[in-house]
Amino acid sequence: MAKPYIQKIIPFDANMDYEISLSWTGNRAHANRIIIYNNDSNAILFDDLVSSFALKHTIPAYTLTNGKKYVIQAQTYDVENIPSPLSDKVLFYTFETPAFYFNNLPENGRITNASFSASLFYHSSDWEDIGTYVFSLYDSTKKLLLSSSPLTDSFDISYTYRGLENNTVYYIRCTGVTVNGMELDTGYQEITVKYENPNAYSRIYSTSIPSQGCVQVATNLIIIQYNGTESFEYPDGMIDLRDKTLYYDEGFLIENDFTLLIRGTHLWQNGEILKMNNGQPGLTLSSHIYSGGKLRFKLLVPNGVSSYLLYSGEQVFENEDLVTIAVRRKDNIYQLKVFVSPGFSPEGNLWYGALRPDPALTGVYDSWIDTPGDAHVVDKDAFSTFLGETEPENTAVSDLWLGGD
């Protein structure tokens, strides 16, 4: 008489019922039996016979203990109650179900951008490592729209969903397996995409062009031309104005409220730093070193009969320190603020996040893209740029995709 065959047993949680499946090629079985042994001592822990034509057998919850190895054998009985030989022994594991869920979904499930970087939390109390996992995106009827390639990074379980359409409901899901084959599933998580394109006063704003599979990005930066004859050098991405003057006399006009940032080094000096006017006496920003080794910046603005005069707090810094001077006008009221960043490093990095990066951390030529989430820096030498109509695969979190022809 043939032996039954126990089909593959993936690791399971012993705190839940688990069904074993058998294969059998003899007379029709009307009962089956399973025997489970302790793998270390070979002691019998579970010996159970069930009357059923189905070649299945359930291990009840809490019969076994998680984090252990076990050995199982099976046996079938035909209509004459004749037992088959015991099957070959099969080794299997039990593990507590790992924690596996999205840990950065908004409370209301609302995504305010055309992309969403989903992050997952994974933890196994039995030290069962994650093997591979796949992120998927579904429409509102749970029809599959896309799936990532199988991913294996166990330290950063994340994926960026891109090209999400505005005013649309989606479901996101992640499935995976552990190194020993235990199945993982976050289940379907509903998200609603609803965002607004920034208005004309945004630093950088975008317009989705679905028909071309790309996003048009624009900015309100104005390029102005220097009209002098002097030549300049640009050490570390900054213009060197020591003993020189740079001026512009056409190209833009500031008519209303504004915020002006001036950033530089070697500002420990007595002298004028900036003058602005519109055919009439305008603001002047200067600095003066006082006795006692303290410096103050001064903002002088004509205001009718008299002048509007502001002084910064006392400053002490080295010439190599990066100094940011912020001048703001709101309803004809001015503010003057100074930030000092010790030391100076080259610029050219890319920042993204909901909050503008601390001036102490950025350089003159750093770029900042206003996106949801905390501020993050992308090193100028550590990301790749992809150009093409379709979204590239195998990209890093900070890589850039430029859609289009």
Side-chain angles (χ1 to χ4, degrees), residues 4-23 32 34 36-39 45-46 48 50 54-74 87-105 109 116-139 141-161 170-191 393-394:
Y5 170 76
I6 301 175
Q7 296 184 14
K8 182 179 179 180
I9 302 176
I10 62 174
F12 62 90
D13 192 334
N15 296 331
M16 295 184 244
D17 290 350
Y18 185 80
E19 188 174 72
I20 302 293
S21 295
L22 309 176
S23 296
N32 66 74
I34 63 172
I36 299 177
Y37 308 85
N38 182 303
N39 183 62
L45 303 176
F46 185 67
D48 191 46
V50 296
L55 293 173
K56 296 181 182 296
H57 203 120
T58 298
I59 303 174
Y62 303 105
T63 300
L64 306 176
T65 304
N66 281 322
K68 302 288 186 180
K69 295 180 185 178
Y70 297 95
V71 173
I72 185 172
Q73 284 185 294
S87 70
D88 294 332
K89 291 184 176 181
V90 173
L91 179 71
F92 68 92
Y93 299 84
T94 55
F95 297 121
E96 183 177 335
T97 302
F100 186 68
Y101 57 85
F102 291 99
N103 62 357
N104 67 335
L105 285 177
F116 174 60
S117 294
S119 175
L120 258 76
F121 175 81
Y122 174 81
H123 173 73
S124 169
S125 59
D126 297 309
W127 299 93
E128 171 73 348
D129 291 333
I130 191 170
T132 61
Y133 51 92
V134 173
F135 286 86
S136 300
L137 178 70
Y138 303 81
D139 66 12
T141 65
K142 298 183 180 177
K143 176 185 176 182
L144 180 64
L145 300 177
L146 65 86
S147 291
S148 71
S149 57
L151 305 173
T152 58
D153 188 344
S154 60
F155 295 98
D156 179 20
I157 307 177
S158 62
Y159 177 78
T160 299
Y161 294 94
Y170 295 97
Y171 288 92
I172 60 175
R173 180 187 183 192
C174 187
T175 57
V177 293
T178 66
V179 291
N180 285 303
M182 192 173 194
E183 296 179 349
L184 306 168
D185 192 344
T186 62
Y188 297 92
Q189 303 298 318
E190 182 179 316
I191 61 171
E393 295 183 357
N394 302 321

How many angstroms lie between [atom1] in [X] and [atom2] in [Y], if you round to the nearest 0.5 Å?
X	Y	atom1	atom2	result
Leu120	Phe102	CG	CZ	5.0 Å
Gln7	Glu19	CD	CD	10.5 Å
Asn38	Leu45	CG	CG	5.5 Å
Tyr101	Cys174	OH	SG	14.0 Å

Say whether, by atom type as modelled, one donor and one acceptor occur between the side chain of [X] and the main chain of [Y] under 3.5 angstrom.
X	Y	answer
Asn66	Ala14	yes
Asp48	His57	no
Thr97	Asp13	no
Asn104	Ser119	yes
Asn15	Tyr62	no

Do [X] and [Y] meet the criterion of a side-chain donor-acceptor pair at a distance under 3.5 Å?
X	Y	value
Ser136	Ser147	yes
Glu183	Thr175	no
Gln73	Tyr37	yes
Thr132	Thr152	no
Thr141	Asp139	yes
Thr178	Asn180	no

Evaluate the side-chain proximity of [Y] to [X]: yes if any heavy-atom separation is below 4.5 Å, no if none is.
X	Y	value
Tyr18	Ile10	yes
Val134	Tyr159	no
Ser154	Tyr122	no
Met182	Tyr93	no
Tyr161	Ile191	no
Ile72	Phe46	no
Ile34	Ile59	yes

task = Determine, step by step, whether Ile172 and Phe135 satisfy the side-chain contact (heavy atoms from CB on, under 4.5 Å) criterion, reporting the C-alpha distance in whole Å, the side-chain angles of both residues, the deciding distance to 0.1 Å, and the verdict.
result = CA-CA 7 Å; Ile172 60 175; Phe135 286 86; over 6 Å; no
message = With side-chain contact (heavy atoms from CB on, under 4.5 Å) as the criterion, how do Asp153 and Tyr133 come out once you've worked through the C-alpha distance, each side chain's angles and the decisive distance to 0.1 Å?
response = CA-CA 9 Å; Asp153 188 344; Tyr133 51 92; 3.8 Å; yes
inquiry  = Would you say the ring centers of Phe92 and Phe12 fall short of 6.0 Å from each other?
reply    = yes
Exercise: identify the closest heavy-atom pair between [X] and [Y]:
X	Y	answer
Thr94	Tyr70	OG1-CE1, 3.6 Å
Leu22	Ala74	CD2-CB, 3.6 Å
Ile6	Asp88	CD1-O, 4.4 Å
Ala54	Asn32	O-ND2, 3.4 Å
Ser21	Lys56	OG-NZ, 3.2 Å
Pro60	Thr63	O-OG1, 2.8 Å

query = Do other residues, nucleotides or ligands put more than 12 heavy atoms under 6.0 Å from the NZ atom of Lys69?
reply = no
request  = Output all residues satisfying salt bridge (charged side-chain N to carboxylate O under 4.0 Å, His left out) with Asp185, sequence neighbours left out; order by chain, then residue number.
outcome  = Arg173
